[in-house]
Amino acid sequence: MCEDDHAGIGRRAVFVTGAAAALTLATVSFASAAGDTGPRTRTVRGTLPPGSPDFVYVPVEVPRGVRELHVAYTYDRPTVPAGTQGNALDIGLFDEQGTDLGGRGFRGWSGGARTEFFVRADAATPGYVPGPVRAGTWHIALGPYTVAPQGLSYEITITLTHGEPDEAPRPVYPPERAKGRGRAWYRGDCHLHSEYSDGRYTLAEIAELARAAGLDFINSSEHNTHSAHAHWADLAGDDLLILLGEEVTTRNGHVVALGTDPGTFVDWRYRARDNRFGRFARQIRRAGGLVVPAHPHATCIGCNWKFGFGEADAVEVWNGAYTPDDEVALADWDGMLVASVRDGRRDWIPAMGSSDSHRSPDVIGRPQTVVLADDLTREAIQEGIRAGRSYVAESSKVTLSLTASGGRGEHAGIGERLRVAADTPVTVRLEVTGAPRCTVRLVTDQGVLFTGDPLPVSGAGVVEWRTTASYAAYVRAEVRHEAAAGPLPGALAAFTNPVFLGS
């Protein structure tokens with residue numbers, strides 16, 4: 001075993017790749033195997049100071065004839081004062097094709113979920129992409145998520161095993177169509193995590209739990225990796241459509257790429273100040289996906305959305321168990337609806353909800369987005385989401401129907417527009433099932449204008465409310481549980497996208 005020290009300032013170089021500044025350390029070199037097929041190991045150590053760049057690259061010169069590359073790492077976790085962040089160090093890998101932003105060199109990312117990984121032609125650790133270990137300069141990517149005042153001391157052990165590589169498997173992806181019911185309401189959870197990023201669920205467990213939750217579709221959304229895409233095919237079926245995507249996890253917020261082409265990788269190495277998000281939002285769309293900012297008001301470090309909503313196709317307003325973060329996101333989204341009405345825009349941003357499940361006891365399908373689509377296909381589901389023909393429910397037990405009708409038979413549903421004159425009487429009707437003792441609220445651009453009595457223990461009920469387009473530019477529904485105490489509303493059981501009123 002050989003050892004290197006990265007502590008010397010003279011062996012570092014700071015550079016800018018068109019996004020966040022990065023630090024490149026001294027190159028780790030391996031001698032040629034010269035007929036020796038045994039493993040060869042190098043260990044490097046160093047310390048990153050507070051204020052380090054977002055990404056630190058350790059170049060590794062890989063000689064010819066390598067069958068497998070294995071990396072293990074550790075770092076110190078010193079005690080820090082209350083209110084001060086300790087050490088957290090993410091890790092990933094780029095191959096000989098380089099580390100250029102949006103380039104072809106990406107080979108995997110496990111963030112802080114793993115302490116070791118391997119790649120070879122026929123297999124790789126979940127989160128990493130199998131393929132040949134070709135000769136050239138590879139890069140171990142370190143992401144100092146937070147650094148303690150004492151600095152972050154790390155140790156990386158790199159092992160190369162020589163030999164003939166096994167044959168790389170040809171990836172097989174799930175179909176883009178399942179057996180649907182024609183034009184109908186389909187239930188889905190578009191934000192899920194497995195062992196392919198920082199989750200604990202296996203893919204098989206996710207599929208089983210999705211079916212048990214009454215879901216018709218799910219979306220693969222691992223943090224900063226597409227490595228799970230080629231492992232879903234056997235778990236799809238006539239009853240479950242599996243879309244492929246990624247949770248693009250930047251230092252300024254997370255965005256779900258929903259339903260991209262198989263094998264699409266979306267880079268995450270930039271902040272809002274780098275002005276690069278638009279480029280990758282366009283990449284998601286070119287790959288057939290939707291751009292969905294996730295948990296925009298989450299309080300974890302780097303989770304709060306700072307890129308604006310100009311590129312969003314929808315926004316994840318409800319994430320997992322309903323919390324004050326979601327209440328803020330709901331209010332913020334309602335403000336965006338008002339702005340779209342004020343500006344006379346037709347391109348309003350629909351709301352979604354997803355579980356963001358990682359492990360038990362996280363509940364897959366709480367909440368779920370219920371989409372009116374022409375069929376159970378990738379394209380039809382995406383079109384329904386994009387059009388806002390959807391509502392969000394805490395489980396498959398809850399169903400909603402929101403309609404608005406005029407005096408001459410005009411009719412519009414969720415995500416649609418009732419085209420009537422400003423003073424035409426409009427009847428808004430909401431039907432609810434599966435929400436015992438919940439309260440119905442109707443919300444407009446003016447605020448909450450109707451609050452019904454609690455629903456009976458059967459959970460079913462119908463409410464009607466009359467208005468005009470001059471009084472309410474849109475109407476959306478909220479179904480809420482009883483509040484525990486005080487004047488605050490209870491947690492959501494369900495809510496709808498709006499019905500717009502007026503020409």
Side-chain angles (χ1 to χ4, degrees), residues 1-8 11-13 22-48 55-75 89-100 103-144 153-169 171 195-197 224-227 230 265:
M1 177 183 292
C2 297
E3 298 183 356
D4 284 337
D5 187 353
H6 279 156
R11 307 186 73 178
R12 301 176 178 181
L23 177 68
T24 296
L25 303 178
T27 299
V28 180
S29 298
F30 286 80
S32 174
D36 180 6
T37 59
R40 292 171 176 244
T41 298
R42 296 292 299 269
T43 296
V44 296
R45 300 181 180 90
T47 300
L48 301 174
F55 302 101
V56 176
Y57 297 104
V58 180
V60 179
E61 286 296 335
V62 176
R64 296 183 183 278
V66 173
R67 180 177 183 271
E68 179 181 292
L69 183 151
H70 181 277
V71 176
Y73 81 120
T74 62
Y75 59 92
L89 183 63
D90 295 340
I91 197 166
L93 184 68
F94 290 79
D95 66 19
E96 85 290 348
Q97 297 177 90
T99 62
D100 289 347
R104 300 175 62 86
F106 176 77
R107 288 299 291 270
W109 182 257
S110 47
R114 300 182 185 279
T115 59
E116 60 183 309
F117 61 84
F118 76 90
V119 294
R120 61 175 188 254
D122 63 315
T125 300
Y128 293 80
V129 181
V133 183
R134 291 179 288 261
T137 303
W138 291 52
H139 289 83
I140 298 168
L142 302 177
S153 295
Y154 62 86
E155 178 180 289
I156 307 170
T157 300
I158 308 153
T159 302
L160 303 184
T161 301
H162 293 260
E164 288 295 323
D166 293 327
E167 184 176 354
E195 61 185 354
Y196 281 81
S197 58
N224 297 340
T225 181
H226 61 296
S227 63
F265 164 67

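Along the sequence shown, the residues carry numbers beginning at 1.
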**OP:** Applying side-chain contact (heavy atoms from CB on, under 4.5 Å), run through Thr74 and Thr115 and close with a yes or a no.
**Re:** CA-CA 7 Å; Thr74 62; Thr115 59; 5.9 Å; no

**OP:** Report the distance from atom OG1 of Thr161 to atom CG of Leu69, rounding to the nearest 0.5 Å.
**Re:** 9.0 Å

Original post:
Looking at Thr47 and Tyr154, what are the two nearest heavy atoms and their distance?
Top reply: N-CE2, 3.8 Å

Original post:
Nearest heavy-atom pair of Arg107 and Pro132: which atoms, and what distance?
Top reply: NH1-O, 3.3 Å

Subject >> Heavy-atom side-chain contact between Leu89 and Tyr73 under 4.5 Å >> reply: yes

Subject >> Between CD1 on residue Ile91 and CH2 on residue Trp109, distance to nearest 0.5 Å >> reply: 8.0 Å

**OP:** Check the pair Val129 / His226 against side-chain contact (heavy atoms from CB on, under 4.5 Å), numbers first and verdict last.
**Re:** CA-CA 8 Å; Val129 181; His226 61 296; 3.9 Å; yes

Original post:
Got a sec, which residues hit side-chain contact (heavy atoms from CB on, under 4.5 Å) with Thr125, two or more places apart in sequence or on another chain?
Top reply: Arg114, Phe117, Phe118, Tyr128

Original post:
How about Glu155 and Thr43: do any of their side-chain heavy atoms sit closer than 4.5 Å?
Top reply: yes

Original post:
Looking only at heavy atoms, which two atoms of His162 and Pro63 are closest? And how far apart?
Top reply: CE1-CG, 3.9 Å

Subject >> Sidechain N-carboxylate O distance under 4.0 Å for Arg67, Asp166 >> reply: yes

Original post:
Ile156 versus Leu142: any side-chain heavy-atom pair under 4.5 Å?
Top reply: yes

**OP:** Would you indicate whether the side-chain heavy atoms of Val44 and Leu25 approach each other to under 4.5 Å?
**Re:** no

**OP:** On the 0 to 90° scale, with breaks at 30° and 60°, tag the Tyr57-Phe94 ring pair as parallel, tilted or perpendicular.
**Re:** perpendicular

Subject >> Polar side-chain atom of Ser110 near backbone of Gly127 as donor-acceptor pair, under 3.5 Å >> reply: no

Original post:
Looking only at heavy atoms, which two atoms of Ser227 and Tyr196 are closest? And how far apart?
Top reply: OG-CD2, 3.5 Å

Original post:
With a 4.5 Å limit on heavy-atom distance, are the side chains of Trp138 and Val71 in contact?
Top reply: no

**OP:** Would you check if the side chain of Gln97 reaches a backbone N or O of Arg104 as a donor-acceptor pair within less than 3.5 Å?
**Re:** yes

Original post:
If every non-hydrogen atom of Phe30 is compared with every non-hydrogen atom of Arg40, which pair is closest and at what distance?
Top reply: CE2-O, 3.3 Å

**OP:** With sequence neighbours excluded, tell me which residues meet side chain to side chain donor-acceptor pair (under 3.5 Å) with Glu96.
**Re:** Arg134

**OP:** List for me each residue that meets salt bridge (charged side-chain N to carboxylate O under 4.0 Å, His left out) alongside Glu195, sequence neighbours excluded, and say none if there are none.
**Re:** none

Original post:
So which heavy atom on Ala121 is nearest to which on Pro165, and how close?
Top reply: CB-CB, 4.0 Å

